[in-house]
Amino acid sequence: AYSCNCLLGTLVNKKHLDKALELYMQMMHRGVLPNGSTYAILIRGFSKSGNVKGACEMFDEMRELGFRPDTMTHNVLMGALCRERHIRDALRVFEMMDATNEVTFNTLIHGVCKYGKVSRALELLKEMSSSGFNPSSFVLNTIIARHCRDREFREALILLRKMQAAGSEDVVTYTSLIDGFCKGKQIQRALEIYREMVSKGCSPNNVTFNALIDGLCKSSKLEDAHRVLEEMVMKGYQPDVVTYTVLVHGFCEQGRLDGALRLLEMMLQKGCAPDNVTYSTLICGLCKESRVQEAFELLEGIVSRGFAPNVITFTAVLDGLCKGGRLAEAGRIFDRIVESGLQPDEVTYMAFVDGLCKHGQVDRALELVEQLEKQVFFAGDHIYLALINGLCTEQRRDEALEVLRQMVLKGGVPN
RNA sequence: CUCCUAUGAGUCC
């Protein structure tokens with residue numbers, strides 16, 4: 001079993017889950033008894049490949065065969081469940097554990113903070129302490145980040161003070177708060193935290209600066225953003241792709257495409273590679289300024305240089321073309337998404353359906369939705385609203401009513 | 001050996 005496990009581990013790490021499963025089957029057939037590690041490895045494999053269901057099945061099989069999963073195996077499964085937002089199931093796994101460790105709590109609290117209720121996370125934090133584990137700054141930072149997301153700054157600050165008292169706060173702690181305040185449109189308080197962290201001798205990093213710059217840009221304070229950028233450079237930090245993209249976004253929002261394009265040049269010059277976020281931001285900015293042609297050319301340009309746009313970048317172009325009334329070309333982008341091996345997502349469909357409906361091509365929109373609903377049962381309220389609007393605009397009330405009926409039939413909720 | 005915490009992009013409303 002030991003050698004098999006080694007091999008299994010290698011297969012799983014190389015993402016050859018199918019081969020790993022085959023080996024597992026062979027083990028069973030040839031009478032090589034798997035042990036607890038065998039399952040831990042397989043469950044980790046399923047978990048890493050995003051197949052929670054498989055991980056759960058493995059887990060059940062393991063228990064049916066009389067193995068008691070150890071703490072680590074439980075942790076792996078819980079991690080997988082948390083990543084898929086199945087918090088209830090993760091908590092159920094937790095309930096049946098008879099031995100936990102620090103990772104157990106870190107995993108769960110992280111999952112609950114991300115997708116569950118804060119109150120539950122706080123309960124777990126208490127339980128963590130009473131089980132004899134000292135909550136690390138890792139887990140406390142997770143909770144602070146959640147409070148910030150909820151704009152519960154009072155709670156976040158209480159935790160910060162506690163961490164400061166213990167001397168356990170770090171750059172992540174401060175950056176979470178800075179970002180939270182920025183997103184809550186409280187730039188002043190974000191700056192206060194920034195000054196506080198510096199005065200306490202905690203060094204900011206790129207993430208800190210990027211969060212601040214983004215906050216300033218989104219509050220239309222481009223000049224201040226620029227000042228922070230200068231401070232960042234002066235202190236010896238290299239602006240990275242996020243820094244540039246945040247600034248590009250800022251310029252785009254102000255309609256200053258010249259500035260945005262100059263930033264693109266600058267980053268290329270400095271050897272900082274733009275990514276899909278950068279390009280989709282620029283494309284979107286160009287489209288919003290009715291410079292769809294340039295957006296389209298930008299897309300062609302990056303593709304011809306070997307860059308692989310993702311579904312968001314394509315959709316940004318598709319939407320621009322739709323809004324410019326160039327529906328045939330939008331259709332070609334849609335096809336290209338599929339040809340590139342990508343999946344059009346709900347936003348892609350929404351953009352295209354909306355574009356078709358608003359340009360008198362409701363029939364094509366209806367076809368598109370029909371095609372979509374071969375893959376998913378219900379396209380969604382917003383798509384149906386667009387269809388109904390389109391039909392009404394064309395005075396096709398009976399069909400609109402029929403679409404409404406379909407929508408309700410599929411569980412949609414008309415507003 | 002398992003958790004890996006903080007920053008940027010697209011649609012409709």
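Order of the sequence lines fixes the chain letters, A, B, ..., with proteins taken first and strands second; residue numbering starts at 1 for each chain.
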*asked:* Once you apply a heavy-atom cut-off of 4.0 Å, does Asn276(A) come out as touching a base, just sugar-phosphate, or nothing?
replied: base
*Pair of N/O donor and acceptor under 3.5 Å linking A9(B) base with Ser280(A) side chain*: yes
_For U11(B) and Lys288(A) - does any side-chain N or O of the residue sit under 4.0 Å from the phosphate oxygens OP1/OP2?_
yes
*Please confirm whether Lys410(A) makes a cation-pi placement over Phe377(A), using NZ or CZ under 6.0 Å from the six-membered ring centre and within 45° of the ring normal.*
yes
*Would you call the rings of His74(A) and Phe59(A) parallel, tilted or perpendicular if under 30° counts as parallel and over 60° as perpendicular?*
perpendicular
_From C-beta outward on Val172(A), which listed nucleotide comes closest to its side chain: G8(B), C12(B), A6(B)?_
A6(B)
*Approximate separation, where rounding is to 0.5 Å, of Ile333(A) CD1 and Phe296(A) CZ*: 5.0 Å
_Heavy atoms within less than 4.0 Å of RNA chain B: which residues of residues 330-348 of chain A have one? Give them sorted by number._
Asp345(A), Val347(A), Thr348(A)
*Reckon Lys323(A) has a side-chain N or O less than 4.0 Å from the OP1 or OP2 of C12(B)?*
yes
*Do the rings of Phe133(A) and Phe105(A) sit parallel, tilted or perpendicular, given the 30° and 60° boundaries?*
tilted
_Nearest to the Arg44(A) side chain among G10(B), C1(B), G8(B), which nucleotide is it?_
C1(B)
*Reckon Val76(A) touches a base, only the sugar-phosphate, or nothing at all at heavy-atom distances under 4.0 Å?*
sugar-phosphate
*Remember a base hit wins even if backbone is also touched, and classify Asp70(A) as base, sugar-phosphate or nothing at under 4.0 Å, heavy atoms.*
nothing
*Using a cut-off of 4.0 Å on non-hydrogen atoms, how would the nucleic acid contact of Thr175(A) be classed: base, sugar-phosphate, or nothing?*
base
*Report which part of the nucleic acid Thr243(A) touches: base, sugar-phosphate, or nothing (heavy-atom distance under 4.0 Å, all strands).*
nothing
_Distance test, side-chain N/O of Lys358(A) to OP1/OP2 of U11(B), below 4.0 Å_ = no
_Treating Arg83(A) as the side-chain partner and Lys48(A) as the backbone partner, does any N or O pair qualify as donor plus acceptor under 3.5 Å?_
no
_Considering every strand and a 4.0 Å limit on heavy-atom distances, what is the contact class for Val139(A): base, sugar-phosphate, or nothing?_
nothing
*Basic-acidic side-chain contact under 4.0 Å: Arg227(A), Asp224(A)*: yes
*Side-chain-base donor-acceptor pair under 3.5 Å for Asn206(A) and A6(B)*: no
*Assign Val317(A) to base, sugar-phosphate, or nothing according to its heavy-atom contacts below 4.0 angstrom with the strands shown.*
nothing
_What's Asn205(A) touching, base or sugar-phosphate or nothing? Going by heavy atoms closer than 4.0 Å._
base
*Classify the side chain of Thr245(A) and the base of G8(B) as holding, or not holding, a donor-acceptor pair under 3.5 Å.*
yes
*Lys114(A) near the nucleic acid: base, sugar-phosphate alone, or nothing, with a heavy-atom cut-off under 4.0 Å?*
nothing
*For the side chain of His382(A), counting heavy atoms from C-beta on, which of A6(B), G8(B), C12(B) is nearest?*
C12(B)
